[in-house]
Chemist: 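Provided herewith is a single structure, encoded as structure tokens, for subsequent inquiry.
A quick note: this is a predicted structure, and the numbers were derived from the prediction, not measured. Residue numbering restarts at 1 for every chain, and letters A, B, ... go by the order of the sequence lines.
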Amino acid sequence: MTSSAPVPTLIAPSIRTRVSGSFGIQSIRSAIGFTDGPTCSARGRGSRTASRPVMMNGAATRGRARVSMGRMTRYMPATMRLKRGRMGTMCGRYATTRARQELLDEFQVQVDAAGGEIQPDYNVAPTKQVPAVLARAPKDAPDGEEAVRQLRTLRWGLVPSWAKDLSIGSRMINARAETVHEKPSYRRAFAKRRCLLPADGYFEWYVLQQSDDPAEGEKKAKRKPQKQPFFIRPKDGAVMAMAGLYELWKPRDDEDADWLWTCTVITTDAPDDLGRIHDRMPMVVRPDQWDAWLDPGLTDPDEVRGLLVPAMAGTMDAYPVSKAVNSVKNNGPELIEPASDGDNSGNHSGALF
DNA sequence: CCAGACGTTGTT
DNA sequence: GTCTGG
DNA sequence: CCAGACGTTGTT
DNA sequence: GTCTGG
């Protein structure tokens, strides 16, 4: 019976941050979100507790932040821009398991340019190679040559052409649909290098906290927040053609090196049913828009933006899965199986929808 | 002019 | 590469 | 997205 | 805490 199990509730990230180890004041200021302002030369070993003002609508409330360090307390004006840690969720993991031939057929690919094998991947993470569909004129073709629709594998995490090394790619895994046309890192690719990234569905992690157990009485035992992975996929089982951009990059110091092909996933608002638990999702391109989306000759940002339509409510399934997906070392169909009773220490007792 | 960023997620 | 901030 | 590391000195 | 690697 799961009816007596504590009900999980969605909580926001803590506004109190505890840091331990050897830190300077800069670390603490960073921990509480200040990226600018007065500095202090104090250093030391031990643990600190820092608190910061609550942020609403992207701006800090008025007031002061207190940073206590043993007997010393520093106050700082709370007027600086706040920077959050990587506590949120986005499209950072997905599954793509269609076989090569299925992809070639489904997307009416003209040229199979994907070297090597295309293996089902139930745990795609940033920096991995992913199958992609794109349209591009042949390498040595004269101007005006027709673009050819091709299947390739790309590295997830877009590396802009100006990057000194490819490490920036792991931070360029998503592009917001609302701003992608104007961001320096993306707009060139948005105009000329769009692609489709086939997916079965994507993962997202809820931050869960069990409600207080009355049996514990006055003891306010603070439980560690737990993250529960969910898999989200189209109800009809159709392939998700995620809107993507690709880029070609070559190290500056090695003209003979091969071009590195990289990509990013465009995100958009999630419809209400999904938005109750998570307000962003990958942008999906409808089949009747695939041709236009892939057309490298369509470069007007307004026209391209017109192809991007947020998903309709009620079209996706979302259900909890095993925490095995947390580790990129795990891979297999079991990662997208609904979590069974007993999985994850009973964090969740069933589907939300 | 040069230096430095170039991105996303979240909202008690 | 190109834009913003100082 | 999560997991896991997170540094320096010197140089037989 | 922040950053990198997968």
Chemist: On the nucleotide B:dC6, are OP1 or OP2 found under 4.0 Å from the side-chain N or O atoms that A:Ser161 carries?
Modeler: no
Chemist: NA contact type, A:Tyr186, heavy-atom cut-off 4.0 Å: base, sugar-phosphate, or nothing?
Modeler: sugar-phosphate
Chemist: If you measure from the P atom in E:dC3 to the same atom in B:dC6, how many Å do you get, rounded?
Modeler: 12 Å
Chemist: OP1, OP2 of E:dG5 versus side-chain N and O of A:Ser167: anything below 4.0 Å?
Modeler: no
Chemist: Determine the sole option in A:Leu134, A:Asp291, A:Val111 for which the side chain to side chain contact (heavy atoms under 4.5 Å, CB included) test with A:Arg149 is passed.
Modeler: A:Asp291
Chemist: A:Lys329 side chain N/O closer than 4.0 Å to the phosphate oxygens (OP1, OP2) of E:dG6?
Modeler: no
Chemist: Expressed as a whole number of Å, how far does the C1' atom of B:dG4 sit from that of D:dT9?
Modeler: 32 Å
Chemist: Can A:Trp162 be classed as stacking with the base of B:dC6, given a centroid separation cut-off of 5.5 Å and a plane angle cut-off of 30°?
Modeler: yes
Chemist: Please give the distance between the P atoms of D:dC2 and B:dG10 as a whole number of Å.
Modeler: 12 Å
Chemist: Contact between A:Trp261 and A:Tyr246 at the side-chain level, heavy atoms closer than 4.5 Å - yes or no?
Modeler: yes
Chemist: Let me know the distance between CE of A:Met172 and P of C:dG1, rounded to the nearest Å.
Modeler: 16 Å
Chemist: Check this one for me: any side-chain N or O of A:Arg171 less than 4.0 Å away from OP1 or OP2 of B:dT8?
Modeler: no
Chemist: Name the residue closer to the 5' end of DNA chain B, choosing between A:Ser185 and A:Arg176 according to the nucleotide with the nearest heavy atom.
Modeler: A:Ser185
Chemist: Using the ring pair (Phe, Tyr, Trp, His ring centres under 6.0 Å) rule, pick out the option among A:Phe231, A:Tyr122, A:Trp156, A:Tyr202 that qualifies with A:Tyr94.
Modeler: A:Trp156
Chemist: Do you see a donor-acceptor pair shorter than 3.5 Å between the side chains of A:Asn174 and A:Thr267?
Modeler: no
Chemist: With rounding to the closest Å, how many angstrom separate the P atoms on D:dG7 and E:dT2?
Modeler: 15 Å
Chemist: As a test of reading the structure: which of D:dC2, B:dT8, E:dG6 is closest to the side chain of A:Lys227, going by heavy atoms?
Modeler: D:dC2
Chemist: For D:dA3, does OP1 or OP2 lie under 4.0 Å from any side-chain N or O of A:Asn326?
Modeler: yes
Chemist: For B:dA5, take OP1 and OP2 only and decide whether either is under 4.0 Å from a side-chain N or O of A:Lys164.
Modeler: no
